[in-house]
Amino acid sequence: MKELVEVIAKALVDNPDEVVVTEKTGVKDLTIELHVAPSDMGKVIGKQGRIAKAIRTVVKAAALEDNKRVDVDIV
């Protein structure tokens, strides 16, 4: 999941070197934190949060295989 979020985020931003993705694992859940440069925050979130919602949807669909609940936090 971490690699998926990283690839998507790096494709969206102007500063791909500043993209940092971390995972926090629980028993049945997984939290993925996405850190980007402040100037790229709008590109990752999108108008009315549409891009952020799309990223979360793709990650949740990929997580169905592992039977885990995944949260994506943009920090």
Side-chain angles (χ1 to χ4, degrees):
M1 299 300 152
K2 177 180 175 182
E3 294 82 15
L4 176 63
V5 173
E6 191 171 349
V7 168
I8 292 170
K10 284 185 177 185
L12 293 171
V13 298
D14 289 333
N15 302 315
D17 298 338
E18 295 187 33
V19 172
V20 178
V21 180
T22 57
E23 284 184 339
K24 295 182 181 177
T25 307
V27 177
K28 278 275 192 180
D29 62 338
L30 176 68
T31 302
I32 298 175
E33 291 184 353
L34 172 61
H35 300 271
V36 295
S39 60
D40 290 328
M41 201 61 118
K43 292 177 180 151
V44 173
I45 295 173
K47 287 186 180 179
Q48 297 179 351
R50 288 183 182 159
I51 294 176
K53 186 176 178 182
I55 292 171
R56 289 183 179 115
T57 302
V58 169
V59 172
K60 285 181 183 182
L64 288 176
E65 295 175 357
D66 297 339
N67 234 4
K68 284 195 171 189
R69 183 174 171 267
V70 178
D71 291 326
V72 178
D73 295 333
I74 301 170
V75 182

Got Val44 and Leu34 here, is their nearest side-chain heavy-atom distance under 4.5 Å?
yes

Where do Leu30 and Asp71 land on the side chain to side chain contact (heavy atoms under 4.5 Å, CB included) test, with the steps shown first?
CA-CA 6 Å; Leu30 176 68; Asp71 291 326; over 6 Å; no

Cluster question for you: counting only ILVMFWY and a side-chain heavy-atom cut-off of under 4.5 Å, with indirect links fine, are Met41 and Ile8 together?
yes

In this structure, would Val20 and Ile74 fall into the same cluster of hydrophobic residues linked by side-chain contacts under 4.5 Å?
no

Rounded at 0.5 Å granularity, tell me how far CD in Glu33 sits from NZ in Lys24.
4.0 Å

For a quick test of reading the model, state the closest non-hydrogen atom pair linking Ala37 to Asn15 and the distance between them.
CB-ND2, 3.9 Å

Side chain to side chain contact (heavy atoms under 4.5 Å, CB included) evaluation trace for Ile32 with Val21
CA-CA 7 Å; Ile32 298 175; Val21 180; 3.5 Å; yes

Pairwise salt bridge (Lys or Arg N to Asp or Glu O under 4.0 Å) hits with a residue in residues 2-15, at least two apart:
Glu6-Lys10, Asp14-Lys43

My understanding is that only one of Ile45, Val19, Val13, Leu12 makes a side chain to side chain contact (heavy atoms under 4.5 Å, CB included) with Asp40; could you say which?
Val13

Please output the side-chain donor-acceptor pairs of residues 52-60 that fall under 3.5 Å, not counting sequence neighbours, one pair per line with the distance.
from  : atom 1 : to    : atom 2 : distance (Å)
Arg56 : NE     : Val72 : O      : 2.9
Arg56 : NH2    : Val72 : O      : 3.2
Thr57 : OG1    : Lys53 : O      : 2.8

